[in-house]
A.B. asks: 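Here's a structure for you.
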Amino acid sequence: MEYRRLGRSGLKVSAISLGAWLTYGSSRFEFDNAVACLRAAMDNGINYIDVADIYARGEAEKVVGQALKGYTRTDYVISTKTYWPMSDNINDRGLSRKHIFESVEKSLKRFEIDYIDLFFCHRWDDQTPTDETVQAIDDLIRQGKILYWGTSMWSAANIAEAVGYAKELRAHRPIVEQPLYNMLDRDQVEGEVEDVCATHGIGLVVWSPLAQGVLTGKYNDGVPAGSRGDTIEWFKGQLADDRIERTRKLTALAAEVGVSVGSLALAWAMKHPLVASVITGASKPEQVLENLKALDVKITPELDERIEA
């Protein structure tokens, strides 16, 4: 496994990590299978597990907490997030001081741990002053309930504002942004966000590096029965003709250089200088091991040119 510093911080995370979105804790996946995936990850050097309170409405945090009970707490980095509504309660959402404090307490109980390594603001909250959010997180860091914090899907201006308030308040600054980033979805990172993150020493841990499975090539010849493209309505938008056609060409290029298109896609995302980790999903332990093969793929300048073309 390769481990990388997260931005300018001293925290090191595995270059390939495991995320719980759409998998662990949901009715589609058995508990034992989720545990098997998480243990396959840990046993093969993955030390970063990414979760959020909204994933399966808290159930993902419970499953991950149970799966990691047999491991030494200092051996893994666990993240969670808050922002999305967790109930009909008007205050059970957003990035207010009240919701952040209550959300962290609930997550700690679901994980059955004493502290969260990485805490993310899951989206920008235009209803809460940014200084309120920064101060609340800083207070939780000083209490030892959070070690580091970051943002997810924030604009460059939003990130810069948070950094500015952290300096003004002498609070802990964000060290990480979690954006969507893969060969087919690049706009969230390339340009202003990567510039502001580079300026302030903020690392990236990117989600959907395989474009929700599209970049594995599994949809090149149609939609397999039982797949996300077959069973999840919103996912069907990921299967636009141009995306599938580009994936077919990338699949052919990957075959030419002797790797899977999934490995090529993960290696491509990992080559970005700000990317500390690519967050992968897995519904089977075998998929965890397959994703690790990307660590052996070298993106040469010549290969990168062909990918861009």
A.B. asks: Got a salt bridge between R243 and D185, using NZ or NE/NH1/NH2 to carboxylate O under 4.0 Å?
C.D. replies: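 D185 and R243: salt-bridged.
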A.B. asks: Quick one: pull up CD in E2 and OG in S277 and give me the separation to the nearest 0.5 Å.
C.D. replies: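 Here the rounded value is 10.0 Å.
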A.B. asks: Is there side-chain contact between L204 and C197, with heavy atoms separated by less than 4.5 Å?
C.D. replies: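 Of all side-chain heavy-atom pairs linking C197 with L204, at least one is under 4.5 Å.
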A.B. asks: I want to check something: taking the side chain as every heavy atom from C-beta on, are R110 and T80 in contact at a cut-off of under 4.5 Å?
C.D. replies: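 When only atoms from C-beta onward are counted, T80 and R110 do not touch, as no gap falls below 4.5 Å.
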A.B. asks: Taking NZ, NE, NH1 and NH2 as the nitrogens, is one of them in K98 or E102 under 4.0 Å from a carboxylate oxygen of the other?
C.D. replies: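 So K98 pairs with E102 through a salt bridge.
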A.B. asks: Hey, what do you get for OG (S152) to CD (E177), rounding to the nearest 0.5 Å?
C.D. replies: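 Taking OG in S152 and CD in E177, the distance rounds to 6.0 Å.
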A.B. asks: Which pair of heavy atoms, one from A20 and one from A60, lies closest together, and at what distance?
C.D. replies: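 Heavy atoms of A20 and A60 come nearest at CB-CB, 4.1 Å.
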A.B. asks: In sequence, state the C-alpha distance, the side-chain angles, and the governing distance for Y219 and Q238, and then conclude on side-chain contact (heavy atoms from CB on, under 4.5 Å).
C.D. replies: CA-CA 10 Å; Y219 299 103; Q238 299 289 312; over 6 Å; no
A.B. asks: Of all the heavy-atom pairs spanning E190 and W268, show the shortest one and how long it is.
C.D. replies: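 Of all heavy-atom pairs spanning E190 and W268, the closest is OE2-CH2, 4.1 Å.
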A.B. asks: Heavy-atom count check: over 12 atoms from other residues, nucleotides or ligands less than 6.0 Å from D187 CG?
C.D. replies: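 Atom CG in D187 is not packed in, count stays at 12 or less.
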A.B. asks: Checking D138 against H172 for the side-chain hydrogen bond (donor to acceptor under 3.5 Å, both in side chains) test, could you report, in this order, the C-alpha distance in whole Å, the side-chain angles of both residues, the deciding distance, and whether it holds?
C.D. replies: CA-CA 6 Å; D138 186 67; H172 289 81; 2.7 Å; yes
A.B. asks: Between C121 and T133, what is the shortest heavy-atom contact and its length?
C.D. replies: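 For C121 and T133, the tightest heavy-atom pair comes out as SG-CG2, 3.9 Å.
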A.B. asks: Just wondering, do H272 and E194 contact through their side chains at under 4.5 Å, heavy atoms?
C.D. replies: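 They are in contact (side-chain heavy atoms under 4.5 Å apart), so the answer is yes.
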A.B. asks: Do I299 and L264 come within less than 4.5 Å of each other through their side chains, counting heavy atoms only?
C.D. replies: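 Yes. Closest side-chain heavy atoms under 4.5 Å.
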A.B. asks: Is the closest basic N to carboxylate O distance between D50 and K81 below 4.0 Å?
C.D. replies: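 Answer for the salt bridge query: yes.
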A.B. asks: Indicate yes or no: at least one non-hydrogen side-chain atom of K284 is less than 4.5 angstrom from one of E290.
C.D. replies: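 The answer is no, as the side chains (C-beta and beyond) never meet within the 4.5 Å cut-off.
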A.B. asks: I need the minimum non-hydrogen distance between Q287 and S283, along with the two atoms involved.
C.D. replies: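 So the two residues come closest at OE1-N, 2.7 Å.
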A.B. asks: Which is it for L140 and W149 under the side-chain contact (heavy atoms from CB on, under 4.5 Å) test, yes or no, and what are the steps along the way?
C.D. replies: CA-CA 10 Å; L140 287 165; W149 77 282; over 6 Å; no
A.B. asks: Is there side-chain contact between Y148 and D117, with heavy atoms separated by less than 4.5 Å?
C.D. replies: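 Side-chain contact under 4.5 Å: no.
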A.B. asks: How many angstroms lie between OG1 in T151 and CZ in F120, if you round to the nearest 0.5 Å?
C.D. replies: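 One finds 7.5 Å between OG1 of T151 and CZ of F120.
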A.B. asks: Mind running side-chain contact (heavy atoms from CB on, under 4.5 Å) on M1 and L295 for me, showing each step along the way?
C.D. replies: CA-CA 8 Å; M1 178 55 66; L295 295 167; 4.0 Å; yes
A.B. asks: Is there a donor-acceptor contact under 3.5 Å from the side chain of E132 to the main chain of R97?
C.D. replies: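 It does hold such a pair.
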A.B. asks: Between Q135 and D139, does the side-chain hydrogen bond (donor to acceptor under 3.5 Å, both in side chains) criterion hold? Intermediate values first, please.
C.D. replies: CA-CA 6 Å; Q135 186 67 70; D139 288 343; 3.2 Å; yes
A.B. asks: Hey, could you give me the CD1/OH distance between I141 and Y115, rounded to the nearest 0.5 Å?
C.D. replies: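 Reported to 0.5 Å precision, the distance equals 14.0 Å.
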A.B. asks: With distance as the sole test, does T280 use its side chain to make a donor-acceptor pair with the main-chain N or O of S17 at under 3.5 Å?
C.D. replies: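 Yes; at least one donor-acceptor contact below 3.5 Å.
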A.B. asks: Inspect the contact between E105 and K145 and indicate whether a charged nitrogen and a carboxylate oxygen are less than 4.0 angstrom apart.
C.D. replies: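 Counted as a salt bridge, because a side-chain N and a carboxylate O are separated by less than 4.0 Å.
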A.B. asks: Tell me which one of W21, Y181, Y55 satisfies ring-ring contact (aromatic ring centres under 6.0 Å, His included) with W207.
C.D. replies: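 By the ring-ring contact (aromatic ring centres under 6.0 Å, His included) criterion, W207 pairs with just one of W21, Y181, Y55: W21.
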A.B. asks: From Q178 CD over to H122 NE2, what is the distance, rounded to the nearest 0.5 angstrom?
C.D. replies: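 So the gap between those two atoms works out to 6.5 Å.
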A.B. asks: Please give me the minimum heavy-atom distance between I100 and A136, naming the atom from each residue.
C.D. replies: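 Result for this residue pair: CD1-CB, 4.4 Å.
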A.B. asks: Show your working on side-chain hydrogen bond (donor to acceptor under 3.5 Å, both in side chains) between T82 and D53 and close with a plain yes or no.
C.D. replies: CA-CA 6 Å; T82 202; D53 59 358; 2.9 Å; yes
A.B. asks: If the threshold is 4.0 Å, N to carboxylate O, is there a salt bridge linking R248 and D241?
C.D. replies: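 Salt bridge: no.
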A.B. asks: Using a 4.5 Å cut-off on heavy atoms from C-beta on, say whether the side chain of L266 contacts that of V297.
C.D. replies: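 Heavy-atom side-chain distance check fails, nothing below 4.5 Å.
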A.B. asks: Report the C-alpha separation of V206 and N182 in whole Å, then their side-chain angles, then the decisive distance to 0.1 Å, and conclude whether the side-chain contact (heavy atoms from CB on, under 4.5 Å) test is met.
C.D. replies: CA-CA 8 Å; V206 302; N182 58 61; over 6 Å; no
A.B. asks: One thing to verify: whether D114 and R73 come together as a salt bridge, which I'm taking to mean a side-chain N less than 4.0 angstrom from a carboxylate O.
C.D. replies: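 Result for this pair is no, no salt bridge flagged.
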A.B. asks: Side chains of P85 and I54: closer than 4.5 Å at any heavy-atom pair?
C.D. replies: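 A side-chain contact is absent here, since even the closest heavy-atom pair is not under 4.5 Å.
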A.B. asks: Specify the closest pair of heavy atoms between T247 and V261, including all atoms of both residues, with the distance to one decimal.
C.D. replies: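 Here T247 and V261 meet closest at O-CG2, 4.5 Å.
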A.B. asks: Under 6.0 Å from the six-membered ring centre of Y48 and within 45° of its axis: does the NZ or CZ of R4 meet both?
C.D. replies: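 No.
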